[in-house]
2 protein chains.
Amino acid sequence: MNQLAPGVIRLTFGTPESDTPSKQSYVKPPRYEAFGALPGAAVPFGEDAIRFRASARGCRLELPLTPGEDIYGLGLNLKRLRHTGKKRTLRVNSDPATDTGDSHAPCPIYFSTAGYGVLVDTARYASFYCGGNEPLDAEECGEGEGEIRLTEAELYAGKKSATAPMVIDVPAAQGVDLYLFTGPTLLDAVRRYVLFSGGGAFPPEWGLGCHYRACGTSNAEQVLALAAELRSKRIPCDILGLEPGWQTRAYSCSYQWSPERFPDPEGFIAELRDQDFHINLWEHVFTHSDAPFYREMRPYSGDFKVWKGLVPDFTLAPARDLFRNDHASRLTGKGISGFKLDECDNSDFISSPWSFPECSFFPSGHDGETMHSMLGAHYMDVIDNACRDAGTRTYGLVRNAHAFTSPQPFVLYSDLYDHAEFIRGVTTCGFAGQLWTPEFRHAVSPEDYVRRLQSMVLSPLMLLNIWMMPNPPWRQLVRGKNVKNEFYPPEEQARLEKLTREALELRMRFLPYLYAAFAAYHFAGTPPCRALAMDYPEDERLRDVDYAWMAGDRLLVVPFRAGMTELVLPLPQGAWRNFYTGERYEGEVTLAPEIGELPILVKENSVIPLADPMEHVSSGTRYHLTLRIFGDSPEPARLFADDGWSFGFERTGPSWGELRADGAMSDILETRYAIRKLERF
Amino acid sequence: MNQLAPGVIRLTFGTPESDTPSKQSYVKPPRYEAFGALPGAAVPFGEDAIRFRASARGCRLELPLTPGEDIYGLGLNLKRLRHTGKKRTLRVNSDPATDTGDSHAPCPIYFSTAGYGVLVDTARYASFYCGGNEPLDAEECGEGEGEIRLTEAELYAGKKSATAPMVIDVPAAQGVDLYLFTGPTLLDAVRRYVLFSGGGAFPPEWGLGCHYRACGTSNAEQVLALAAELRSKRIPCDILGLEPGWQTRAYSCSYQWSPERFPDPEGFIAELRDQDFHINLWEHVFTHSDAPFYREMRPYSGDFKVWKGLVPDFTLAPARDLFRNDHASRLTGKGISGFKLDECDNSDFISSPWSFPECSFFPSGHDGETMHSMLGAHYMDVIDNACRDAGTRTYGLVRNAHAFTSPQPFVLYSDLYDHAEFIRGVTTCGFAGQLWTPEFRHAVSPEDYVRRLQSMVLSPLMLLNIWMMPNPPWRQLVRGKNVKNEFYPPEEQARLEKLTREALELRMRFLPYLYAAFAAYHFAGTPPCRALAMDYPEDERLRDVDYAWMAGDRLLVVPFRAGMTELVLPLPQGAWRNFYTGERYEGEVTLAPEIGELPILVKENSVIPLADPMEHVSSGTRYHLTLRIFGDSPEPARLFADDGWSFGFERTGPSWGELRADGAMSDILETRYAIRKLERF
């Protein structure tokens with residue numbers, strides 16, 4: 001046992017591979033200084049309780065589980081929150097169609113309701129058998145086992161709780177390092193993991209504003225017209241995203257501005273920045289021969305192409321430097337604030353596979369399998385560094401992540417679109433220190449539209465990804481009509497525009513609260529969005545709640561989906577208040593929100609700061625706050641008061657302040673916040 | 001290069017694993033004597049055209065493909081017939097939910113329209129990248145590559161033909177043997193593979209009759225009542241199947257008769273056999289502690305249980321012998337004719353995995369991965385031998401198969417049920433020498449019922465699997481009503497009973513034709529059911545026809561599905577005739593069958609023998625034939641004339657005879673066939 005930080009223990013079994021996730025250049029140093037705030041806890045089991053065995057095909061671990069223990073984590077998962085009794089294979093995939101563990105961002109770490117976490121330091125497509133497979137040396141069949149079962153439901157009934165050990169199948173490796181993260185609580189174990197990974201991502205304030213992606217066919221003129229429309233309609237927007245058409249070549253990418261569509265990039269950038277828009281550019285890593293660094297990159301590329309483009313080997317410094325320096329000199333250095341890093345995952349579930357084989361060879365010695373697991377992580381780090389080179393604190397989008405990526409300021413997204421799955425993603429991603437956006441792309445009805453917008457209000461990113469339609473969705477949701485400029489009648493446009501503005505303004509009102517939640521993620525390791533099982537693992541009623549989450553410390557959000565009229569939510573311990581009315585609930589609550597209302601519950605005795613709605617933030621914005629105060633002995637709200645913009649916080653450390661229910665405020669907050677009024681419930 | 005048989009060449013790359021499929025006890029000797037009938041052909045490419053590379057995670061092969069080549073095979077596949085441009089991972093699975101290569105019976109052999117086949121001798125979950133991944137050293141981006149694409153359909157468009165090599169990723173192994181099977185045609189290559197595997201399965205005549213599986217809750221009395229009803233209603237039936245309830249324990253299995261439900265097994269068996277029913281028993285391999293051989297089997301079992309039962313290591317002779325001898329002494333020796341071998345596949349896609357992990361260890365040194373690939377093959381062989389011990393030529397059901405299993409007299413089936421997929425299965429399984437039944441279980445409408453029955457008429461097995469309903473489906477298709485004895489009005493029952501009888505009688509009329517097709521499978525390697533692309537690989541219009549197949553040499557069957565009203569089928573070269581009317585077609589045909597009609601086309605100049613309908617066959621049945629004669633210069637029909645029942649054909653070799661259009665018949669056929677009339681079209 002090797003204690004790496006308080007409550008972080010490394011155990012080595014066999015001979016681990018030489019170049020695992022923990023050894024990659026993207027891994028940040030642990031935030032050792034923050035561990036002191038966490039309570040101490042016993043190690044959940046000793047090394048002797050773990051069984052290890054290697055073979056020609058890899059190695060296997062068995063770790064103890066006790067009945068009643070439930071298993072979470074393993075990265076972003078759109079299909080399942082709780083993994084107990086299931087087999088999860090951590091295979092990287094763009095369109096995880098099945099409940100098998102496949103994910104954009106699988107991550108070999110799991111957490112137990114018993115209050116600990118286990119990371120397997122491997123980039124292999126490991127399989128985790130979460131307590132459903134009994135070893136031969138377990139007990140014999142008891143009475144009542146092997147009864148004749150006559151329905152498929154009986155035959156294949158899921159296991160309700162662990163009946164066997166955690167079995168971990170690591171291909172290819174002849175050994176692995178395990179990292180144990182102690183509790184005492186599940187959330188403490190998650191915090192230890194995030195802090196050990198370097199803390200959570202800390203986006204600039206503008207990153208938490210609203211992100212609107214323009215139509216893929218748009219040219220500069222059309223994007224500027226869209227920007228003008230957003231501002232004139234007072235639709236909040238901080239980030240404008242450009243899809244592949246900004247480039248001369250895409251699929252694969254040239255990373256060069258299209259002279260037809262964007263003849264004057266510098267002027268275009270300046271015009272948008274003058275209106276306080278940040279520009280996010282779509283790209284992927286596959287390098288077209290028209291890219292400026294193609295020739296230099298070729299020797300540092302994998303031995304298969306993707307879309308005829310190179311696959312850079314980012315485990316090698318020259319490949320990273322080429323990509324980073326090119327982006328810094330021609331893009332971030334010229335005012336680009338962020339990127340959408342597409343297709344760095346893989347493609348088993350799409351009708352035609354587009355990515356490189358797992359059996360690819362890379363010049364570093366990595367193969368396609370380990371590269372698939374770590375490509376997103378490396379890519380984020382390269383791009384984050386290109387942004388840092390320009391002094392830009394970024395917040396972008398990405399399609400793959402893995403272990404040790406919690407400090408990366410990127411949010412996962414998907415081409416999938418089921419609304420329940422998108423909501424579930426928010427509840428699953430936090431365990432592995434990942435962020436996920438249930439983005440809006442299109443809607444089958446106005447109700448679907450509004451509900452999808454609402455589900456982003458208290459999520460890591462508010463993203464209207466309108467890449468398939470030239471006009472804003474509130475004018476026409478049906479793509480076929482939108483592209484032909486066939487709009488709704490004016491009154492319906494106005495209604496949808498208003499519902500849009502309300503949802504986006506609600507996001508903006510929560511911005512100080514969310515920014516503080518991200519500061520807590522960065523400095524204390526607490527994920528900003530958390531499954532109820534993470535905060536309340538002892539409550540068995542909450543273990544399958546994959547449709548609601550804790551946003552920050554005080555809010556419980558329950559996004560509705562189109563067609564839902566009523567939901568009975570089991571409530572965690574204590575009293576909860578209706579965010580809008582102050583109504584008090586305990587035990588459970590029946591929710592039946594109107595179409596314009598996102599159900600939000602507030603923990604009793606909270607102070608919730610709400611900013612005046614803004615169209616966008618600006619450098620040094622001073623927020624005017626309304627404090628909503630719930631309960632008789634409210635705990636002060638904590639806000640964070642750096643400049644919201646620069647990397648200063650990395651030098652100075654945290655700048656927390658408190659807002660009290662009486663309206664008193666820590667001095668440190670005064671430059672950034674002003675109190676307008678108090679509302680007591 | 002090592003020529004193992006004419007046109008069968010083995011190439012060794014690296015250091016293959018020691019215990020691959022070709023080395024298993026279930027592998028039969030090649031039918032060397034049959035290769036002489038196949039035309040010679042050049043080897044498609046030399047050893048030097050193949051690139052091989054090993055690494056810690058396994059090894060990789062690249063084999064040349066030329067533009068225009070299309071790829072088929074890789075075992076039973078319910079999702080896709082043609083694999084060109086796709087990635088296929090040969091992972092064993094019970095419920096292959098996605099188009100990824102997962103299958104009940106993946107098989108590492110592919111065939112090219114260029115007229116050759118390649119078998120990779122591995123039980124690993126190999127991945128085949130079928131010509132969609134370009135190596136780094138391929139040509140640079142050309143003009144028109146990397147054009148901006150603006151829809152998802154454009155972005156992820158499937159590749160229409162091979163643009164790159166076949167890349168094969170074999171995990172864990174540091175080398176593999178490849179087996180090349182030359183043509184000149186694709187069908188010749190398939191024949192070589194089947195003959196090299198020992199020839200095709202040759203079921204007894206009764207095995208090609210109708211198989212009805214009784215309700216899982218039935219006791220002996222109820223099964224006997226069902227048998228009586230089938231006979232009294234003249235519903236053809238040769239095989240009655242019993243589901244788990246025949247045992248004292250199931251899930252896992254005791255393999256012992258339930259004294260409650262079947263108090264007098266010998267009397268029960270005798271009563272059914274007296275009525276010419278053959279009895280097929282459901283089981284799986286997972287051995288409950290109540291099984292008579294549990295204690296002896298335990299040391300020869302894998303280190304994980306399934307449903308608390310042992311997983312026998314059938315790669316070891318003692319495990320095989322225990323299972324075989326027990327079945328022979330207590331079951332096949334007592335009159336049981338066949339088995340349904342369930343759940344010998346795997347369970348990634350079901351909500352709760354039930355099978356053993358790939359990282360299991362077995363006493364032989366095999367792991368769970370190789371065992372999953374080969375469990376069905378071993379299991380079939382063990383059970384076939386237990387049947388042979390009792391002198392029984394069997395024809396059973398199985399849920400997993402792999403390479404070298406074409407001689408095994410078992411038909412694959414699935415718990416999945418999409419009708420289009422079930423039909424597709426018939427078109428895909430033949431390439432790897434596998435058999436598949438598009439069984440009937442339940443129907444959403446009478447039309448669905450009748451169409452599903454029809455799709456089995458010219459398939460490997462006509463199977464009414466009514467395990468979920470106590471009453472025959474023609475009385476009531478809706479399960480909820482069937483179990484409550486709530487039946488259709490008498491006239492609807494009579495209509496459905498008549499449609500059932502017609503579909504099953506049509507099967508029985510084709511029995512001599514089908515038996516001959518299976519004899520050709522056994523002795524000449526020609527699969528009885530073949531995708532049109534197998535017989536006509538040069539015709540690009542037919543390469544995606546996964547809804548019709550050649551049954552035997554002369555019939556092309558096009559099963560309709562509920563809701564289909566009309567289908568335009570591209571026809572292979574030459575003239576084709578309507579089986580019912582004699583209408584002549586060339587180029588294409590528009591089909592619009594009535595509900596009671598299964599579209600069947602006959603190759604011009606054919607003699608099709610049709611037996612008088614029978615309820616069942618008996619030992620030495622003499623078939624009374626009507627010859628349907630199509631065209632002006634019809635080729636004689638070939639029929640097979642062993643006793644249809646015993647293993648005599650294995651000693652005597654083939655007994656083929658001809659039926660001429662003038663009604664003349666080879667002497668050898670006379671004991672088994674008599675001609676009743678000729679019908680000319």
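Within every chain, numbering begins at 1; the chains are lettered A, B, ... in the order of the sequence lines, protein sequences first and strands thereafter. For the numbers below, each heavy atom of this structure counts, side chains included, while hydrogens, waters and symmetry mates do not.
Counting only distance, with no hydrogens or angles, the side chain of B/R57 and the backbone of A/A172 share no donor-acceptor pair below 3.5 Å. Using a distance-only test at 3.5 Å, with no hydrogens or angles considered, no donor-acceptor pair links the side chain of A/K86 to the main chain of B/P353.
Two residues are said to be in side-chain contact when any heavy atoms from C-beta on lie closer than 4.5 Å; A/R80 and B/S351 meet this criterion. Using a 4.5 Å heavy-atom threshold, the side chains of B/T100 and A/F349 count as touching. Looking at A/R298 and B/L136, their side chains come closer than 4.5 Å, going by heavy atoms from C-beta outward. In this structure, B/Y129 and A/E358 have side chains that are in contact, with non-hydrogen atoms separated by less than 4.5 Å. With contacts defined as side-chain heavy-atom distances shorter than 4.5 Å, the pair A/R53/B/F361 qualifies.
Residues A/F356 and B/N133 share a closest heavy-atom pair of CA-ND2, 4.2 Å.
Distance check, rounded to the nearest 0.5 Å: CG of A/D95 to OG1 of B/T98 gives 11.0 Å. Atom CD1 of residue B/I350 and atom CG of residue A/D99 lie 11.5 Å apart, to the nearest 0.5 angstrom. Note that CZ of A/F304 is 4.5 Å distant from CD of B/E62, once rounded to the nearest 0.5 Å. B/C359 contributes atom SG, which lies 9.5 Å from atom CG of A/L61 (distance to the nearest 0.5 angstrom). Atoms OG and CD, from A/S55 and B/E369 in turn, are 9.5 Å apart once rounded to the nearest 0.5 Å.
At a 4.5 Å heavy-atom cutoff, B/R88 makes no contact with chain A through either its backbone or its side chain. Residue contact with chain A, scored on non-hydrogen atoms closer than 4.5 Å, is absent for B/P171. Using a 4.5 Å cut-off between heavy atoms, B/S355 contacts chain A through its backbone alone, with no side-chain atom that close. Neither the backbone nor the side chain of B/F286 has a heavy atom closer than 4.5 Å to any heavy atom of chain A. Only the backbone of A/A54 comes within contact range of chain B, with heavy atoms under 4.5 Å apart. For a residue to count as touching a neighbouring chain, one of its non-hydrogen atoms must lie under 4.5 Å from one of that chain's; by this rule B/D303 touches chain A with backbone and side chain alike.
Ranked by non-hydrogen atom pairs under 4.5 Å with chain A, the options B/V311, B/L310, B/D169 are led by B/D169. Between chain A and the options B/Q174, B/E17, B/R60, heavy-atom pairs under 4.5 Å are most frequent for B/R60.
Within 6.0 Å of OH in B/Y300 there are 12 or fewer heavy atoms belonging to other residues, nucleotides or ligands.
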